Amino acid sequence: MPPAPSSAIIADTGDVNATLGKLSLELRKYVVRTRTVPKSFEEFIAKSNVQVPPAPAGKKYAIQDQVIVLVKK
């Protein structure tokens with residue numbers, strides 16, 4: 001069983017691209033650690049202990065091609 005991950009906190013810097021980059025990095029770490037790809041962003045957050053800032057108004061986070069992106073709600 002892999003060791004329990006420590007909680008990562010992604011700060012809201014106002015730079016959406018930086019936030020998406022940090023989230024994608026945490027996703028890659030999660031995949032390497034668990035050897036599984038989460039089915040949804042919600043599953044990733046629930047299982048990874050990553051704390052994320054709210055998505056911009058009218059958008060939500062999603063996983064596409066193993067990176068985190070913003071999509072319309």
Side-chain angles (χ1 to χ4, degrees):
M1 188 126 205
S6 60
S7 181
I9 300 172
I10 308 298
D12 187 0
T13 62
D15 183 350
V16 174
N17 290 325
T19 300
L20 292 173
K22 290 175 185 175
L23 285 171
S24 295
L25 177 61
E26 290 301 324
L27 174 62
R28 286 191 292 276
K29 289 179 185 178
Y30 173 84
V31 170
V32 167
R33 186 174 60 249
T34 65
R35 297 186 182 130
T36 62
V37 177
K39 291 180 173 61
S40 68
F41 180 77
E42 292 75 16
E43 178 185 340
F44 164 61
I45 294 304
K47 292 183 176 180
S48 69
N49 295 325
V50 174
Q51 296 178 23
V52 300
K59 305 266 185 173
K60 67 177 185 172
Y61 296 112
I63 298 173
Q64 287 183 350
D65 300 323
Q66 296 190 18
V67 296
I68 306 296
V69 297
L70 285 171
V71 296
K72 291 182 182 179
K73 281 188 175 180

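Just so it is clear, the model here is predicted, and its values are computed rather than measured.
Put simply, the side chain of Q64 reaches to within 4.5 Å of the side chain of V71, judged on heavy atoms.
Residues V31 and L25 do not share a hydrophobic cluster, defined by chaining ILVMFWY side chains whose heavy atoms lie under 4.5 Å apart. Following chains of ILVMFWY side-chain contacts shorter than 4.5 Å, one can reach L70 starting from I68, so the two form part of one hydrophobic cluster.
For the residue pair A11 and T19, the shortest heavy atom distance occurs at O-OG1, 4.1 Å. When all heavy atoms of K59 and K73 are compared, the closest pair comes out as O-CE, 3.3 Å. Nearest heavy atom pair, residue L23 against residue I10, reads CD2-CG1, 3.8 Å. The minimum heavy-atom distance linking Y30 with P38 is given by the pair CE2-CD, 3.7 Å.
The side chain to side chain contact (heavy atoms under 4.5 Å, CB included) test with V50 is passed by exactly one of I45, L27, I9: I45. When each of D12, V16, T13 is checked for a side chain to side chain contact (heavy atoms under 4.5 Å, CB included) with P53, only D12 meets the rule.
Surrounding CD of Q66 are at most 12 heavy atoms belonging to other residues, nucleotides or ligands under 6.0 Å away.
Distance check: R33 CZ to S48 OG gives 7.0 Å after rounding to the nearest 0.5 Å.
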request  = Decide side chain to side chain contact (heavy atoms under 4.5 Å, CB included) for T36 and E43; before the verdict, give the C-alpha distance in whole Å, the side-chain angles of both, and the deciding distance to 0.1 Å.
outcome  = CA-CA 11 Å; T36 62; E43 178 185 340; 5.9 Å; no
